[in-house]
Protein chains: 2
Amino acid sequence: MDIEVQLQQVFDLPPAQVREISQYFVEETVGKGEFFLASGQRADRLSFIASGIFRVFAQTESKEVTQWIGGEGYFITDLSSFLFDNSSRWQIQALTDAKILSLYRSDYQRFESLLPQWNVVEKRFIAKCFMVLESRVFDFISLSAEERYLQYFEQHKAFFNQVPLQFIASVLGMTPETLSRIRSKVGG
Amino acid sequence: MDIEVQLQQVFDLPPAQVREISQYFVEETVGKGEFFLASGQRADRLSFIASGIFRVFAQTESKEVTQWIGGEGYFITDLSSFLFDNSSRWQIQALTDAKILSLYRSDYQRFESLLPQWNVVEKRFIAKCFMVLESRVFDFISLSAEERYLQYFEQHKAFFNQVPLQFIASVLGMTPETLSRIRSKVGG
DNA sequence: CAACGCCCTTGACATTTATCAAGAAGATAA
DNA sequence: TTATCTTCTTGATAAATGTCAAGGGCGTTG
């Protein structure tokens with residue numbers, strides 16, 4: 001997955017500016033099981049996933065809850081921590097070996113003066129994140145567990161057979177046992 | 001609920017700029033049952049709710065789904081429609097007579113040149129909306145229906161006895177009957 | 001190879017939630 | 001006032017989901 005193509009799609013900038021921006025993304029690797037963002041840290045980078053899969057999760061009193069799973073072509077960070085320099089609510093762990101392209105906050109903050117329309121681009125990016133969650137909330141209140149699974153499976157086929165189903169179950173708001181039964185029922 | 005106080009809290013600007021911005025909010029009234037935003041329209045304004053309650057909902061094949069209920073002190077619009085001039089995904093209806101202060105897109109777009117830090121302010125506003133939804137998703141995957149109700153009740157006591165419980169049930173992702181039984185059980 | 005750990009599945013059972021239907025309470029209109 | 005409508009509640013029952021426990025598959029490690 002090429003980062004310039006992806007930046008083009010997400011940020012909708014002319015090729016020259018995409019190329020200028022992409023220079024600031026530095027290549028990094030994260031080994032399977034390693035933490036991209038550990039408990040209590042601040043997110044100091046916004047990273048494009050060139051390959052590999054990450055999960056975003058939090059610890060409650062009783063259990064560990066996976067909020068989101070991101071793979072190739074997605075960006076990963078704790079957005080509020082990255083934008084506002086808060087300590088992170090989430091932990092982020094690599095589920096496979098991964099290659100990422102990281103934009104550090106210090107560079108990110110320079111974009112505003114480098115690119116005239118950066119504020120428009122940034123706004124659009126954050127608003128897109130908002131819209132993704134808006135849809136996800138709507139799915140929770142309007143779809144059954146089985147429908148949520150089928151939709152997720154269609155949109156994230158690449159995750160299956162690569163990430164433990166228990167994490168997918170958590171993202172979908174159900175127990176691993178329920179997910180297992182839904183899968184055997186619908187023949188996924 | 002004073003709009004300058006609220007703008008101060010949400011946008012975190014110095015008093016002089018709050019006053020400057022607040023001039024562009026025009027007072028409007030919406031009667032009970034009237035639509036703030038009807039099906040297929042575009043959201044051309046971001047409105048501060050001075051008094052009254054609104055619901056944001058969508059129609060699916062089988063049922064009507066209330067995504068959100070907003071009252072005094074909140075802002076209301078279809079954010080993606082307002083920001084990007086898309087046709088709206090949601091309908092928005094007043095559940096009570098309401099007084100709102102509306103910022104129309106044409107004025108909103110002027111803020112960028114009027115206020116030097118407007119892009120920062122706007123970013124923060126959208127990011128806050130994101131964080132609210134992030135928490136809501138987390139609630140769906142980590143809390144039981146009863147826990148979601150108790151939390152919602154604590155945070156939105158003002159809605160109860162003013163909005164039909166069926167709408168609150170939808171926001172919480174359960175049927176009206178289930179909400180009714182939870183309420184009789186916990187004694188809300 | 002054997003032993004271990006991790007993950008998934010499956011069964012049995014309990015709990016939660018949805019569905020359907022009926023009726024009561026309250027508001028609104030005639 | 002009566003009639004009507006909407007909303008809420010409640011009951012009976014079915015369906016969905018959670019919990020607990022057991023076992024199997026599979027890769028890793030000694």
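All chains are named by letter (A, B, ...) in the order of the sequence lines, taking the proteins before the strands, and each is independently numbered beginning at 1.
Remark: B:Asp44 CG to B:Asp85 CG distance equals 9.0 Å, nearest 0.5 Å. From B:Glu147, atom CD reaches atom CD1 of B:Ile182 across 10.5 Å, with rounding to the nearest 0.5 Å.
Residue B:Lys63 contributes atom NZ, which lies 10 Å from atom C1' of C:dA18 at whole-angstrom precision. Atom CG of B:Leu143 is separated from atom P of C:dT16 by 15 Å (rounded to the nearest Å). With rounding to whole Å, B:Tyr149 atom OH is found 17 Å from C:dT17 atom C1'. Atom C1' of nucleotide D:dA16 and atom CZ of A:Arg148 are separated by 12 Å, given to the nearest angstrom. One atom, CG of B:Leu95, and another, P of D:dT7, lie 10 Å apart when rounded to the nearest Å. Atoms NZ (B:Lys185) and P (C:dT15) sit 11 Å apart, rounded to a whole Å. Between B:Phe167 atom CZ and D:dC8 atom P there is a gap of 8 Å when expressed in whole angstrom units. In this entry the distance linking CE of B:Met174 with P of C:dA18 reads 8 Å, nearest Å.
With the nearest nucleotide of DNA chain C identified for both B:Lys32 and B:Leu179, B:Leu179 has the one nearer the 5' end. Comparing A:Glu146 and A:Glu177 by the nucleotide of DNA chain D whose heavy atom lies nearest to each, the residue mapping closer to the 5' end is A:Glu146.
Among D:dT7, C:dT9, D:dT10, the nucleotide with an atom closest to any side-chain atom of B:Gln166 is D:dT7. For A:Thr175, the side-chain atoms get nearest to D:dT19 when compared with the rest of C:dC8, D:dT19, C:dA18. Comparing C:dC8, D:dT10, D:dT17 by their nearest atom to the side chain of B:Ser184 picks out D:dT10. Picking from C:dG11, D:dT9, D:dA12 the nucleotide with the shortest atom distance to the side chain of B:Arg181 gives D:dA12.
Taking the centre and axis of the six-membered ring of B:Phe160, the NZ or CZ atom of B:Arg183 falls outside the cone set by 45° and 6.0 Å.
Between A:Phe159 and A:Tyr152, the angle of the ring planes lies from 30° to 60°, which puts this pair in the tilted group. Taking the six-membered ring where the residue is Trp, A:Tyr108 and A:Phe111 present tilted rings, their angle falling between 30° and 60°.
Under 4.0 angstrom from either OP1 or OP2 of D:dT9 there lies at least one side-chain N or O belonging to B:Ser180.
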